[in-house]
Number of protein chains: 2
Amino acid sequence: MADKNLTAGLEDYLEAIFIAQEENKTVKGIDVARMLNISRASVSEALSKLVSKELITYESYGTISFTPTGLSEAKKVYNIHNTLKLFFQTVLNISPEEASENACKIEHIISDNILSEIKDFTDYCNNHPEIIDNYRQGKDNERNLSNRKIPRPADSDSKSK
Amino acid sequence: MADKNLTAGLEDYLEAIFIAQEENKTVKGIDVARMLNISRASVSEALSKLVSKELITYESYGTISFTPTGLSEAKKVYNIHNTLKLFFQTVLNISPEEASENACKIEHIISDNILSEIKDFTDYCNNHPEIIDNYRQGKDNERNLSNRKIPRPADSDSKSK
DNA sequence: ACAATTTGTTAGGTATGCCTTACAATCATG
DNA sequence: CATGATTGTAAGGCATACCTAACAAATTGT
């Protein structure tokens, strides 16, 4: 019992339970199944594993609760997710949905060191808005130059294969 | 035959073969096994899959070659890897080894859109070195403030467990 | 309170992707 | 050119993680 090693899948369950707890207060297996869009049977298996690893407590038809270790693991994953999402959204100007989807996958595999650098760099960029502003403006200008309405006179074969 | 859908694992094989080809010229199963540090048996299985997907051509004891589709897929993965690695190294100041390890995992799951933003942003940062210089200098100052050489008088237990 | 609905579990199945062992085919060199 | 080393394959196993179907237990509504 209490094997501790978490696969990406189990981390997703912990994260989902954590988020659901913040919203719902009480979380049951079915909630997790709906959130992660997987079968009740798979959730049942996964919850058994989390119980045997002593990360949650849970009895059939009852409410899921974290053990102290489980809560700390869940928060860890959740924070990583948010760090990545924030970077994608605020530095790279990615939509919240796409930022979240990518964070969900990358959160399980990125190294602590890179994550910490991403966090610091994101903070720095958000404290110096001119960096992102200038970058974004540069991109817009570039886009307008290549998509200009009036074609340049000499560029007669711009449409050829 | 020619199913086209590539798992992360198969992408790794294509990438490894591509890299080995650039170095060795001729690549055989054993080379792939050594590069990826997996058994010859597993490589044998994987190569069969790649052959049935028409991404490589290969006969027992012979040399592995890409089909046009396979080469294009391999290059795609390789380029994604390099884009991520470059970002980690040049923007986040991560060591080449760690940058590469993380790129290897993330390259299979990141969205095209985020990747393209990472590429552009990396280029921008490298064209405006003052951004990274200032950022890094800020980090150094912070570090020196908290790690000052002369301990503050009251901090008598700074070496205790 | 009991029937219908919801929720959970079990059993059995699929797919991926790795492993080891044992054997087969090829290669390389004396 | 034979034999020992290398390389490849086949068979059988393991672990993860999902599924459906069938059934069981709990909950809900009237």
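All heavy atoms count here, side chains included; hydrogens, waters and symmetry mates do not. Quick note on labels: first sequence line is chain A, next is B, and so on, each numbered from 1.
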Pair up each side-chain donor or acceptor in residues 55-64 of chain B with any protein partner under 3.5 Å, not counting sequence neighbours, and list the distances.
none

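- A search for side-chain hydrogen bond (donor to acceptor under 3.5 Å, both in side chains) contacts involving B:E101 returns nothing, not counting sequence neighbours.
- Residues passing the salt bridge (charged side-chain N to carboxylate O under 4.0 Å, His left out) test with A:D123, sequence neighbours excluded: none.
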Next on the checklist: Across nucleotides 7-22 of chain C, 5' to 3', mark each nucleotide with B, S or - according to how protein heavy atoms within less than 4.0 Å reach it.
Outcome noted: BBBB-----SSBBB--
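- B:Y135 meets the ring pair (Phe, Tyr, Trp, His ring centres under 6.0 Å) test with A:F121, A:Y124; sequence neighbours excluded.
- Under the side-chain hydrogen bond (donor to acceptor under 3.5 Å, both in side chains) criterion, A:N82 pairs with no residue at all, not counting sequence neighbours.
- Along DNA chain D, the stretch of nucleotides lying under 4.0 Å from any heavy atom of chain B spans, 5' to 3', D:dT7 to D:dA10.
- Applying the side-chain hydrogen bond (donor to acceptor under 3.5 Å, both in side chains) criterion to A:N79, with sequence neighbours excluded, gives no partner residue.
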Enumerate donor-acceptor pairs with a distance under 3.5 Å from any side-chain N or O in residues 84-91 of chain A to protein atoms, sequence neighbours excluded.
| from | atom 1 | to | atom 2 | distance (Å) |
| --- | --- | --- | --- | --- |
| A:T90 | OG1 | A:L86 | O | 2.8 |
| A:T90 | OG1 | A:N126 | ND2 | 3.3 |

